[in-house]
Amino acid sequence: MKWICACCLLVLIACREEPPELPLSDQELITILVDLHLAEGAMQRVPAEWKDSIGAEVRARIAVQHGMTPEEIETLIGRLQLVPEKSMMLYDSVIARLDGSKTSEK
């Protein structure tokens with residue numbers, strides 16, 4: 001019985017999916033996330049009927065600015081959601097950078 005439990009445990013551990021690797025450095029990810037959040041904040045003033053089309057255009061421009069396609073950005077965000085520890089660390093830096101830009105505007 002112990003062998004069966006041990007084998008099941010080994011199979012479960014071996015089948016565990018590794019978190020996806022992120023193709024960019026932390027600083028590049030932080031810069032992209034900051035740009036996306038700034039754009040999202042600016043979109044709050046856009047009339048609701050225009051948000052989808054303008055938002056898609058803004059996200060496309062951000063992607064091009066970072067040498068990516070909008071689909072690659074979406075994939076990157078999806079991968080980032082699969083590694084919550086890394087996401088939290090990156091978003092702490094995003095928040096700090098956004099807070100720093102707020103204080104420099106004053």
Side-chain angles (χ1 to χ4, degrees):
M1 184 66 174
K2 287 182 183 179
W3 285 103
I4 293 173
C5 290
C7 286
C8 288
L9 182 61
L10 285 174
V11 168
L12 288 173
I13 291 172
C15 291
R16 186 182 77 197
E17 199 172 309
E18 291 295 317
E21 282 199 31
L22 299 170
L24 301 173
S25 72
D26 288 355
Q27 287 305 312
E28 290 170 314
L29 289 167
I30 290 166
T31 301
I32 290 170
L33 292 170
V34 165
D35 288 348
L36 290 170
H37 283 283
L38 288 172
E40 188 66 34
M43 293 294 296
Q44 297 303 312
R45 296 183 178 178
V46 173
E49 60 270 11
W50 297 350
K51 276 191 181 183
D52 287 341
S53 59
I54 292 176
E57 178 63 27
V58 169
R59 286 188 297 278
R61 288 181 185 220
I62 290 171
V64 168
Q65 179 182 358
H66 292 283
M68 301 176 81
T69 65
E71 293 79 18
E72 289 173 322
I73 295 273
E74 292 301 319
T75 300
L76 186 65
I77 301 283
R79 285 183 180 175
L80 195 53
Q81 292 173 347
L82 297 174
V83 281
E85 302 84 19
K86 179 125 180 135
S87 295
M88 292 299 292
M89 186 269 305
L90 291 171
Y91 272 98
D92 286 344
S93 297
V94 168
I95 291 167
R97 192 175 295 179
L98 290 171
D99 283 344
S101 69
K102 265 199 271 186
T103 56
S104 66
E105 290 176 6
K106 292 180 181 180

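No experiment lies behind these values; they were computed from the predicted model shown.
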Atom pair CG/CD1 of L98 and I30 - distance to nearest 0.5 Å
11.0 Å

Enter the distance from L36:CG to E40:CD here, rounded to the nearest 0.5 Å.
8.5 Å

Test of understanding: clusters of I, L, V, M, F, W, Y form through side-chain heavy atoms closer than 4.5 Å, transitively. Do V64 and L38 belong to the same one?
no

Nearest atoms (heavy-atom pairs only) where P70 meets A63:
N-CB, 3.6 Å

Considering only heavy atoms from C-beta outward, does the side chain of S93 approach that of D26 to under 4.5 Å?
no

Which value, rounded to the nearest 0.5 Å, describes the distance between Y91 atom OH and H37 atom NE2?
3.5 Å

Reported OG1-to-CZ distance for the pair T69 and R59, which is rounded to 0.5 angstrom:
13.0 Å

Student check: side-chain heavy atoms of E57 and R61 closer than 4.5 Å:
yes

Atom CG of L24 and atom CZ of R79: how far apart are they, to the nearest 0.5 Å?
9.5 Å

If you group Ile, Leu, Val, Met, Phe, Trp and Tyr by side-chain heavy-atom gaps below 4.5 Å, do L80 and M88 land in one group?
no

Heavy-atom pair with the smallest gap, counting every atom of M68 and E72:
CA-OE1, 3.2 Å

Under a plain distance cut-off of 3.5 Å, with no hydrogens placed, do E28 and T31 share a side-chain donor-acceptor pair?
no

Would you kindly confirm whether M89 and V34 end up in one hydrophobic cluster when ILVMFWY residues are joined by side chain heavy atoms under 4.5 Å apart?
yes

Is there side-chain contact between L33 and I77, with at least one heavy-atom pair below 4.5 Å?
yes

Would L29 and L76 count as a side chain to side chain contact (heavy atoms under 4.5 Å, CB included) here? Give the steps.
CA-CA 9 Å; L29 289 167; L76 186 65; 3.4 Å; yes

Hey, could you give me the CD1/CD1 distance between I73 and I32, rounded to the nearest 0.5 Å?
4.5 Å

